[in-house]
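Beneath this line is the structure, given in structure tokens, with notes to follow.
When reading the values below, keep in mind they use all heavy atoms of this one structure, side chains included, and skip hydrogens, waters and symmetry mates. Just so you know, these numbers come straight off a predicted model, no measurement behind them.
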Amino acid sequence: MLKEQIGKVTLYLQDDADSSCESAQDGQKRTEVCQKLQEIIMQSEETDYHKRITESKSYEVMYQLAESRGHVVQWLQIPQNAKVLELGAGCGTITSVLLQKGAVVTCQETDAAYARLNAWRHKESERLFLYAMPFEQCAAHLPKDFDVVLAVGILGHAEDQQLLCCLKEHLKPGGLLVVATENKFGLKYWAGNKEEHTHSYFAGLENRTKAQGVNMYTKQGLETLLIDAGYTQAQFYYPYPDYRFAVDIYSDQYLPKKGDLTYNIVNYEDDRVVVFDEQKVFDSIIEEGQFPFFANAFLCMARAGQADHAQVKKARAGDLQTQAKGQVVYEQVLYTRYASDRAREHAVRTDMIDTGSVQDDSEDRKYQEHTRRVRKQPLYPQGSAHIIQMAKAYQQLCSQYEQAGLQFNRCKLCGNESDHEYDNKYDYDNKYDYNKKAQGATAAEFEYLCAQALQAKIRQAIADHNMQEVFCILEKLIHLIRSDKKSQPFTMTEQFAQVFGEGLAIDCLQDRLCSKVSDIDFILSNILVDEEGCWHVIDYEWTFDFPIPQNFIIYRTLFFLHLENPQNEELAMDRLLAFAGITKEEADVYAAMEIGFQDYVAGGLVPYREMVNLLGRKYLNISQLKNDYDQLLLQYEKLKGRGIWKLARKIKRQVSAFGKHAKETGR
């Protein structure tokens, strides 16, 4: 085994390792990908990767470098200095996440070129060790006391059980195995996506993958595999749209609701067909309580064998345990959502957290306190100011709408997951000193409210054909937005131009009223209604303290409602605008403002969700093809009924006869 030093990173290679990309089995294309990856890593800072990825228009580059590849593990509560083994590390996107968490990371990667790029990417880290060889060749050299082993996208072969048994030998007693893999019965495969390993349609569903040397697992199959390999306490999570570029991560304690799963056209790697509307089918599946069976992917955490008593007391694989005021506090993330297609100063992660506490550390522990809360934290250091602004917005909005009877979800600032103060009581009020708390704050916490969203109420009313209820809700919402008695006419400011763009035709906005503080995300999905009928605003992330027309906030609500119901004539945009008293000229300005705002949020970057278009991926709609075929068939029958083919044959005979006559006469 050869040893190589790249910066502060130690790299181990096979004795006969070929360091060139040309040795990769995929030939010339793989060589070009390696060269492109090397160019980006060598010449760019990580902050520029997003731009370089979208410029490359390469799925392989996106897969190796996109920050969202790390989402599947970024939310995990891995302790500082934990020893982590990562299999199939590639060029190190997940490695970056682990190092940022303060872990000591050992990576295995079969491709020597990728392993070198990982080393170059993290050359300043003393906490990284790399093995550029198959796992079975480096296993004998690895420690046997890892706290965590990551196998993301690794399973899928006949030797999976043997591999898992071997990995267990490298975990300390009670150590954590984290597995991410696709679901054999994932809805995206029924809907017309190709299976990633075989690049064919319906391969897993028809059980054809084994013949091609690929294993795919259902939830039960994966659980059985882990049990047979000697693992315990398996706990499942469900990354969506899949584990590769996760946006949401659900758990059995918090599953998606109808209308949540809208991000389904994500065939980055290949073209696809569209057999049905995945969102509507997901809604039916959720209604029947079958989401875990049809989830596109699994993220499973399991313990290595029978852990000792100290490990068993943690009970759940994802728990974080701390001591606070004589109590042991247990915290589990039930749900995570990433808002990462943004400029770094705006990118955030939102966790729904379940917290419980016990007086002592006894084996038969029972929760004395059981609380859910929501925590937002920046994905990058540049986002701290954005988080702190939320606490300020809470104060401002509470004051502004105090007389309107509108409630805002209570907010406080706190430290990060490692130094968080576990205070289960929200006993602060509007005098909460956010300036003092802002020092060292790394997250904002909010109460968890169990209530129905206005969006859900309107969906139900539309389904019941109760449009009167829909417009009653909209009327009340519009009244609340315009209820600020201290409203002032619109004036153009520098901040307005920075957020919404310059060159807007704002003449028609001059007499439009504005509040001192504006929550422009005052939309149906962000307002909950409790059992007593009180309205609660749960998200005020996009709150600004410069003049913004109240009608723009109303316009956004109406626009998103129309977008969700494009075929409903009563919710046509022109009708909704007339209902709200917004002119066409005014609406055109608001549409331009929305484009400018989205560009401001993204920081000028192309969102990864648009990579499907940049990569030129196509999707063929089966229903549309069938409709087109039926139309052609109908047209054919119409022509046939008019004797068109008889006429064509007659003309053909006449032309033939004319040709014969011309030949005989020499004309």
Exercise for the section: For Ala246, enumerate each residue passing the side-chain contact (heavy atoms from CB on, under 4.5 Å) test, keeping only those at least two apart in sequence or located in another chain. Expected result: His71, Pro239, Ile249
Problem - CD1-CG distance between Ile582 and Asn551, expressed to the nearest 0.5 angstrom - result: 4.5 Å
Completion exercise
CD (Gln400) and OG (Ser483) are apart, to the nearest 0.5 Å, by 8.0 Å
Exercise for the section: Anything under 30° is parallel, anything over 60° is perpendicular, the rest tilted; go ahead and classify Phe496 against Phe500. Expected result: tilted
Handout entry: Aromatic centroids of Tyr401 and Phe408 separated by under 6.0 Å
Key = yes
Practice task
Look only at the side chain of Thr557 and the backbone of Phe522, and say whether a donor-acceptor pair between them is shorter than 3.5 Å.
Solution key: yes
Problem - Thr336 side chain to Asp351 backbone, donor-acceptor under 3.5 Å - result: no
Problem - Listed once per pair and sorted, the salt bridge (charged side-chain N to carboxylate O under 4.0 Å, His left out) pairs that draw on residues 334-345, sequence neighbours left out - result: Glu67-Arg344, Asp248-Arg337, Asp341-Arg609, Arg342-Glu541
Practice task
For Phe276, look at atom CZ and say whether over 12 heavy atoms of other residues, nucleotides or ligands are found less than 6.0 Å away.
Solution key: yes
Handout entry: Ring geometry between Phe291 and Phe282 (parallel below 30°, tilted from 30 to 60°, perpendicular above 60°)
Key = tilted
Handout entry: Intermediate values then yes/no, side-chain contact (heavy atoms from CB on, under 4.5 Å), Leu524 and Leu477
Key = CA-CA 9 Å; Leu524 298 169; Leu477 182 63; 4.0 Å; yes
Problem - Heavy-atom pair with the smallest gap, counting every atom of Ile286 and Pro256 - result: CG2-O, 3.3 Å
Exercise for the section: Say whether, by atom type as modelled, one donor and one acceptor occur between the side chain of Asp242 and the main chain of Asn296 under 3.5 angstrom. Expected result: no
Handout entry: Heavy-atom closest contact (Leu299 atom, Trp75 atom, distance)
Key = CD2-CZ2, 3.6 Å
Fill in the blank from the handout: Here the salt bridge (charged side-chain N to carboxylate O under 4.0 Å, His left out) pairs for residues 264-283, sequence neighbours left out, are Lys194-Asp270, Arg244-Glu269, Arg272-Glu278
Handout entry: Closest non-hydrogen atom pair, Asp260 against Tyr250
Key = CB-OH, 3.8 Å
Completion exercise
Closest non-hydrogen atoms of Val612 and Ile265, given as atom of the first, atom of the second and distance, are CG2-O, 3.6 Å
Practice task
Evaluate the side-chain proximity of Asp484 to Leu513: yes if any heavy-atom separation is below 4.5 Å, no if none is.
Solution key: no
Problem - Donor + acceptor pair across side chains of Thr442, Gln377 (<3.5 Å) - result: no
Problem - Audit row: Val275, Tyr201, side-chain contact (heavy atoms from CB on, under 4.5 Å) steps and yes/no - result: CA-CA 11 Å; Val275 179; Tyr201 295 112; over 6 Å; no
Problem - Beyond-backbone contact of Leu571 with Leu561, side-chain heavy atoms, under 4.5 angstrom - result: yes
Completion exercise
Exactly one of Leu615, Leu605, Val606, Val61 clears side chain to side chain contact (heavy atoms under 4.5 Å, CB included) with Thr54, and that residue is Val606
Exercise for the section: Could you tell me whether the side chain of Lys36 reaches within less than 4.5 Å of the side chain of Arg52, counting heavy atoms only? Expected result: yes
Practice task
List the steps and the verdict of ring pair (Phe, Tyr, Trp, His ring centres under 6.0 Å) for Tyr590 and Phe552.
Solution key: CA-CA 6 Å; Tyr590 296 149; Phe552 173 63; 5.8 Å; yes
Completion exercise
Of all heavy-atom pairs linking Tyr555 and Ala591, the shortest is OH-CB, 3.4 Å
Practice task
Please say whether the positively charged group of Arg69, taken as NZ for Lys or CZ for Arg, lies over the ring of Tyr63, i.e. under 6.0 angstrom from the six-membered ring centre and within 45 degrees of the axis.
Solution key: yes
Problem - Side-chain donor/acceptor of Gln396 to backbone N/O of Val517, under 3.5 Å - result: no
Exercise for the section: Please check if the side chain of Ser68 supplies one atom and the backbone of Phe245 the other of a donor-acceptor pair under 3.5 Å. Expected result: no
Practice task
Might you confirm whether atom CD of Gln279 has over 12 heavy atoms from other residues, nucleotides or ligands at distances under 6.0 Å?
Solution key: yes
Handout entry: Student check: side-chain heavy atoms of Ile41 and Leu65 closer than 4.5 Å
Key = yes
Practice task
Any side chain to side chain donor-acceptor pair (under 3.5 Å) involving residues 497-513? Give me the pairs, sequence neighbours left out, ordered by first then second residue.
Solution key: Arg512-Glu586
Handout entry: Derivation and outcome, side-chain contact (heavy atoms from CB on, under 4.5 Å), residues Phe546 and Val499
Key = CA-CA 11 Å; Phe546 54 82; Val499 175; 3.9 Å; yes
Exercise for the section: Identify the two heavy atoms, one from Gln455 and one from Ser525, that lie closest to each other, and give their separation to 0.1 Å. Expected result: OE1-CB, 3.4 Å
Exercise for the section: Give a yes or no on whether the backbone of Ile523 and the side-chain of Asn526 come within a donor-acceptor separation of less than 3.5 Å. Expected result: no
Exercise for the section: Using the salt bridge (charged side-chain N to carboxylate O under 4.0 Å, His left out) rule, pick out the option among Arg372, Arg410, Arg373 that qualifies with Glu447. Expected result: Arg410
Handout entry: Full working for side chain to side chain donor-acceptor pair (under 3.5 Å) between Glu196 and Tyr189
Key = CA-CA 10 Å; Glu196 289 89 338; Tyr189 301 127; 2.6 Å; yes
Exercise for the section: Evaluate the ring planes of Phe544 and Phe597, with Trp represented by its six-membered ring, and classify them as parallel (under 30°), tilted (30 to 60°) or perpendicular (over 60°). Expected result: perpendicular
Exercise for the section: Please examine the side chains of Arg349 and Leu379, heavy atoms only from C-beta on, and report whether any two atoms are closer than 4.5 Å. Expected result: yes
Problem - Sidechain-backbone polar pair: Tyr448 side chain, Ile353 backbone, donor-acceptor under 3.5 Å - result: no
Exercise for the section: Consider only side-chain N and O atoms of Gln64 and Tyr49, and report whether a donor and an acceptor are under 3.5 Å apart. Expected result: no
Problem - Any pair counted as salt bridge (charged side-chain N to carboxylate O under 4.0 Å, His left out), so long as it reaches residues 454-483, sequence neighbours left out - result: Arg459-Glu564
Handout entry: Working for salt bridge (charged side-chain N to carboxylate O under 4.0 Å, His left out), residues Glu46 and Arg121
Key = CA-CA 9 Å; Glu46 292 218 15; Arg121 186 173 178 177; 3.1 Å; yes
Exercise for the section: Report yes if some heavy atom in the side chain of Lys376 is under 4.5 Å from a heavy atom in the side chain of Ile387; otherwise report no. Expected result: yes
Practice task
Report the relative orientation of the aromatic rings in Phe446 and Tyr540; use parallel for angles under 30°, tilted for 30 to 60°, perpendicular for over 60°.
Solution key: perpendicular
Handout entry: Qualifying salt bridge (charged side-chain N to carboxylate O under 4.0 Å, His left out) pairs, either residue in residues 549-560, two or more places apart
Key = Asp521-Arg556, Arg556-Glu594
Practice task
Decide yes or no on side chain to side chain donor-acceptor pair (under 3.5 Å) for Ser515 and Gln550, but give the supporting numbers first.
Solution key: CA-CA 7 Å; Ser515 297; Gln550 294 166 348; 3.1 Å; yes
Practice task
Taking the side chain as every heavy atom from C-beta outward, state whether Leu397 and Val537 have any pair of such atoms under 4.5 Å apart.
Solution key: no
Exercise for the section: Verify the neighbour count for atom CD of Glu531: are there more than 12 heavy atoms of other residues, nucleotides or ligands below 6.0 Å? Expected result: no
Practice task
Could you check if a side-chain atom of Ile458 sits within less than 4.5 angstrom of a side-chain atom of Leu474, using non-hydrogen atoms only?
Solution key: yes
Exercise for the section: For the pair Thr350 and Val374, evaluate side-chain contact (heavy atoms from CB on, under 4.5 Å) and give the outcome as yes or no after the intermediate values. Expected result: CA-CA 7 Å; Thr350 303; Val374 176; 3.6 Å; yes
Handout entry: Under-4.0 Å salt bridge between Lys29 and Glu60
Key = yes
